[in-house]
Amino acid sequence: MRITLPDGSVREYAQPVTAGQVAADIGAGLAKAAIGAKVSGVLTDLHRPITADATLAIVTKPRQDKQGLSKGEVDPDALYLLRHSTAHVMAEAVCRLWPDAKLAYGPPVDSGFYYDIALETPISSDDFPRIEAEMKKIVEENRPFTRYELPPEEGMGRLKAEGNKYKIDNAQRAIAGGAKSLSWYATGQPNANWEDLCMGPHVPATGAIAAFKVTSVASSHWHGDVNSDRFQRLYGTAFFSQADLEQHQKLQEEAKQRDHRLIGTKLGLFTIDEQVGQGLILWKPRGGMLRTILEDFLRAKLIELDYSLVYTPNIGKIDLYKTSGHYPYYADSQFPPIKMRDSDDEYLLKPMNCPHHCKIYASDPHSYRDLPVRLAEFGTVYRFEQSGELSGLTRVRGFTQDDAHIFCTHEQVPGEFAATIQLVQFVFKTFGFNDVHIRLSLRDPSSDKYVGDPRNWERAESQLRQVLRDLGMSFTEAAGEAAFYGPKVDFIVRDVIGRKWQLGTVQLDYNLPERFKLEYVGQDNATHRPAMIHRAPFGSMERFTGILIEHYAGAFPLWISPEQFRVLPVSDKFNEYAMKVHAALKGADFRGRATVDLSNERVNAKIKVAQDDKVPYMLVVGGRDQEAGTVSVRDRVRGDLGAMPLAAFIEKAGREIASHGGEIVKV
RNA sequence: GCCACCUUAGCUCAGCGGUAGAGCGGUGCUUUCGUAAAGCACAGGUCGUGGGUUCAAGUCCCACAGGUGGCUCCA
């Protein structure tokens, strides 16, 4: 048998050998650090025999520095093994504490692992210390994870005898998926210790689990089906050192400080009032200023790109949405219709802007010479999101899309689509979003939720794919994520706690032009149906603002900061000069958003408050400044920049604003 | 919508059967001050809402509303 190692060297063995033995042959240090193996690319147990020629990479525990922190980036495979194994330990601890617990499924996830458990008794966070204490015992016993296999029939017999329908289901799925045997892992010895039906792989023994924590409990459903059995999903995480765990917890804490709901309250950006309604955002003056700046920025760009700005009402007759196909398709996720007093007419709060824009297009005859027609609007829409889904600014019931619809010939689609993609990228680049995932969302051919001619879909999907390729963009494809009327390209970012949100989107639609019978007269003097592109670079002003708050931790770059300058007189003897400076900033070409702090406080206190308010520039003024006509500039990040003539500061600030510059500031 | 947890002053939170607390913020006074919080005083709460248990309920129980974390959903 030839075992090829990552450095290309080959070791020959006459008999089946385990990765652990190979590791020992290479060196004692490697053997000691080894916790698993990648055999021909497949992650596996250290002690599973290798029976054929294979490539082999030993998965090792990370080395640690003097503080006990793992050096470099920890191998994701190593973390996978560790966390999968810790999930078993947690499950055993739960089974000890609640003997009637039935286990379902317990995989590693991004930052830890979970186990879905069917149990009548609710587990609460108060129980975590008890669970952790049991886990600690199991870890300290340093029991080996022992794998054994049973033939499918024998295995199923055993599972049926045990009567856990979830495990039976798991096993049936494994067999249906081609598994030739069922595998169990005993945490210790078979028949002597706790065991779980599991594909593996695992670390060699529980002692490898250096640091762990039960982090939260939530609810989940069998196969994700709300009508099916409910589980308690117990989340935890594990690391190779206590220091790693502590660092992880510290980072989590820091991330929470960036949460837009916290910062939004602190900085007075927005509020949500119970009496106004769930998921309905009240933009406070500072948030309103921020939004206005964002809208002005985009509006200027749209005018430059030959968009036409339109306005449409917040409601429309239900018939409009029957024509568009949105109703009753999404009846459940809309606010109920408004019934009229003196007729049978019903109106809907508009869930989308496109039908209105289609009607604007249809109100005039169009020649191919007019196309493309690009209708843009900051359009507010209402969607009845499930109450449990609402979250700050990121998931709301009323929001404003920076929406536009481009009506064009089929020949113009690739060009227009590419231009809109570039617009979205321009927006993201301006705000320094570098970690954006681009997803080509396609239909799921096996689903019946999609409308329109499959040939149109195929053409649309391949057009989009080609545009993305031509632009040299990296993207993933996701079947089943398309809108019901067409494929789309979505721009996805994560919030501080790792949740993914769609911001920008560009969608291709052959359906609505059909439904609204939109037309243009071609060069051939015949009528043709235009194609339609929906696009929203920000997506929703609410969500974009929420993510932006987290992105900058509330410390907005000068050009979008709701308050750019705060003048701080060192005592009220200099209030008059301070007000002059304030007026000069407001009167500058860029019409500075400036305030002056006339409170009866010492300058130290004024600085502290301005710093907390994340004001980019503080202008301290006292006697020296008054005499010399200067301002003493304090940068939010760099601190005191010293005195400079007021005119010089205004020039500097003007340049910074015009550049749309801004760095990401640490909390 | 489902499950768990949470809801006390504008904000952050303590109090967990026995007459409502702190810090910050607010107001007033004193201080007139040069780069991350001067001092003193005062105001501010039917403890989310509605029921119940109890001699007595922020405190225990139930329902509802809102929030948080998940699940499901997301045109």
Side-chain angles (χ1 to χ4, degrees), chain A residues 114 116 122-127 215-228 230-235 256 259 261-262 265-266 268 271-279 321 324-327 329-334 350-355 381 383-392 394-397 401 449-451 481-486 488 490 497 499 501-502 505 507 509 511-512 534 540 543 568-575 599-612 618-625 632-636 639-643:
Chain A
Y114 66 79
D116 277 344
I123 297 175
S124 88
S125 53
D126 296 340
D127 298 315
T215 50
S216 65
V217 62
S219 125
S220 65
H221 295 91
W222 196 19
H223 299 163
D225 176 2
V226 273
N227 297 312
S228 190
R230 195 166 33 74
F231 299 131
Q232 301 192 58
R233 178 169 291 182
L234 196 55
Y235 285 87
K256 276 189 200 156
D259 192 312
R261 293 164 296 193
L262 185 76
T265 304
K266 262 192 196 160
T271 188
I272 301 170
D273 187 278
E274 213 180 293
Q275 206 172 7
V276 173
Q278 279 183 285
Y321 303 101
S324 73
H326 294 114
Y327 190 89
Y329 214 90
Y330 289 99
D332 287 347
S333 47
Q334 289 168 179
K350 77 174 167 190
M352 297 198 83
N353 301 303
C354 18
V381 298
R383 298 179 186 178
F384 193 80
E385 304 286 1
Q386 297 180 48
S387 62
E389 273 307 329
L390 301 171
S391 178
T394 42
R395 193 80 186 262
V396 293
R397 283 185 175 162
Q401 296 176 312
K449 90 172 210 191
Y450 304 99
V451 299
E481 293 291 336
F484 74 90
Y485 50 72
K488 55 181 183 161
D490 295 318
I497 49 179
R499 288 181 296 204
W501 300 101
Q502 177 197 302
T505 180
Q507 313 179 352
D509 185 356
N511 179 54
L512 278 186
H534 309 238
S540 118
R543 179 177 291 177
L568 313 179
V570 297
S571 89
D572 60 16
K573 282 196 282 198
F574 311 109
N575 280 0
S599 68
N600 184 12
E601 286 292 348
R602 300 181 353 174
V603 72
N604 283 333
K606 292 183 182 182
I607 287 169
K608 169 74 165 76
V609 172
Q611 212 52 68
D612 285 349
M618 289 152 260
L619 303 176
V620 176
V621 296
R624 298 200 295 270
D625 294 295
S632 295
V633 180
R634 184 186 167 89
D635 179 291
R636 166 177 69 187
D640 190 359
L641 301 184

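Hydrogens, waters and symmetry mates play no part in the numbers below; they use all other heavy atoms, side chains included.
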Report summary line: pair_partner(B/C74), Watson-Crick or wobble, both distances < 3.5 Å, evaluates to none

**Report entry** Nucleotide of B/G1, B/A37, B/A75 approaching A/Ser387 most closely (side-chain heavy atoms)
**Finding:** B/G1

Report task. Hey, which sits more toward the 5' end of RNA chain B by its nearest nucleotide, A/His221 or A/Glu274? Result -> A/Glu274

Report task. Using Watson-Crick or G-U wobble geometry with both distances below 3.5 Å, tell me the partner of B/G69, or none. Result -> B/C3

Query raised in the report: Do the side chain of A/Arg383 and the base of B/C74 come within less than 3.5 angstrom through a donor-acceptor pair of N or O atoms?
Result: no

Report task. List in chain and number order the residues that pass ring-ring contact (aromatic ring centres under 6.0 Å, His included) with A/Tyr330, two or more places apart in sequence or in another chain; answer none if no residue qualifies. Result -> A/Phe484

Query - Contacts of A/Tyr321 that satisfy ring-ring contact (aromatic ring centres under 6.0 Å, His included) - sequence neighbours left out - result: none

Query raised in the report: Would one find a side-chain N or O of A/Arg395 under 4.0 angstrom from OP1 or OP2 of B/U68?
Result: no

**Report entry** Rounded C1' spacing from B/A56 to B/C60 in Å
**Finding:** 13 Å

Requested in this report: Take the protein atom CD of A/Glu385 and the nucleotide atom P of B/G70, then report the distance between them rounded to whole Å.
Outcome: 16 Å

Query raised in the report: Expressed as a whole number of Å, how far does the C1' atom of B/G26 sit from that of B/G10?
Result: 8 Å

Query raised in the report: Say you pick atom C1' in B/G45 and the same atom in B/A75; how far apart are they, in whole Å?
Result: 45 Å

Report summary line: Ranking B/G70, B/A75, B/C74 by distance to the side chain of A/Gln507, first place goes to B/A75

Report task. Check ring-ring contact (aromatic ring centres under 6.0 Å, His included) between A/Tyr450 and all other residues, then give those that pass, not counting sequence neighbours. Result -> A/Trp457

Query raised in the report: If you check every side-chain atom of A/Tyr235, which of B/G1, B/G66, B/C71 has the closest atom?
Result: B/C71

Query - Whole-Å P distance, B/C64 and B/C3 - result: 10 Å

Query raised in the report: When the C1' atoms of B/C47 and B/C40 are considered, how many whole Å apart are they?
Result: 30 Å

Query raised in the report: From B/C3, B/G1, B/G70, pick the nucleotide closest to the side chain of A/Arg230?
Result: B/C3

Query raised in the report: Using purine N1 to pyrimidine N3 plus N6-O4 or O6-N4 for Watson-Crick, or N1-O2 and O6-N3 for G-U wobble, both under 3.5 Å, which nucleotide pairs with B/U54?
Result: none

**Report entry** Complementary nucleotide for B/A38 - Watson-Crick or wobble, under 3.5 Å
**Finding:** B/U30

Query raised in the report: For atom C1', what is the distance between B/G28 and B/G44, given to the nearest Å?
Result: 15 Å

Query raised in the report: Given atom CG of A/Asp273 and atom C1' of B/A65, what is their separation to the nearest angstrom?
Result: 13 Å

Report task. Name the pairing partner of B/A63, where a pair is Watson-Crick or G-U wobble with both distances under 3.5 Å, or state none. Result -> B/U49

Review item, nucleotides 7-15 of chain B N/O atoms under 3.5 Å of protein N/O:
none

Report summary line: Whole-Å distance, A/Ile123 CD1 to B/C5 P, equals 12 Å

Query raised in the report: What is the per-nucleotide protein-contact pattern of nucleotides 25-35 of chain B, from the 5' end, where B denotes a base atom under 4.0 Å from a protein heavy atom, S denotes such proximity for sugar-phosphate atoms only, and - denotes neither?
Result: -----BBBBBB

Query raised in the report: Say you pick atom C1' in B/C61 and the same atom in B/U54; how far apart are they, in whole Å?
Result: 12 Å

Requested in this report: Would you tell me if any nitrogen or oxygen in the side chain of A/Gln278 comes within less than 4.0 Å of OP1 or OP2 on B/G67?
Outcome: yes

Requested in this report: List for me each residue that meets side chain to side chain donor-acceptor pair (under 3.5 Å) alongside A/Trp222, sequence neighbours excluded, and say none if there are none.
Outcome: none

**Report entry** Gap between atoms CD and P, on A/Gln275 and B/U49 respectively (whole Å)
**Finding:** 13 Å

Report task. Considering only atom P, compute the distance from B/C55 to B/G69 and round it to an integer number of Å. Result -> 42 Å

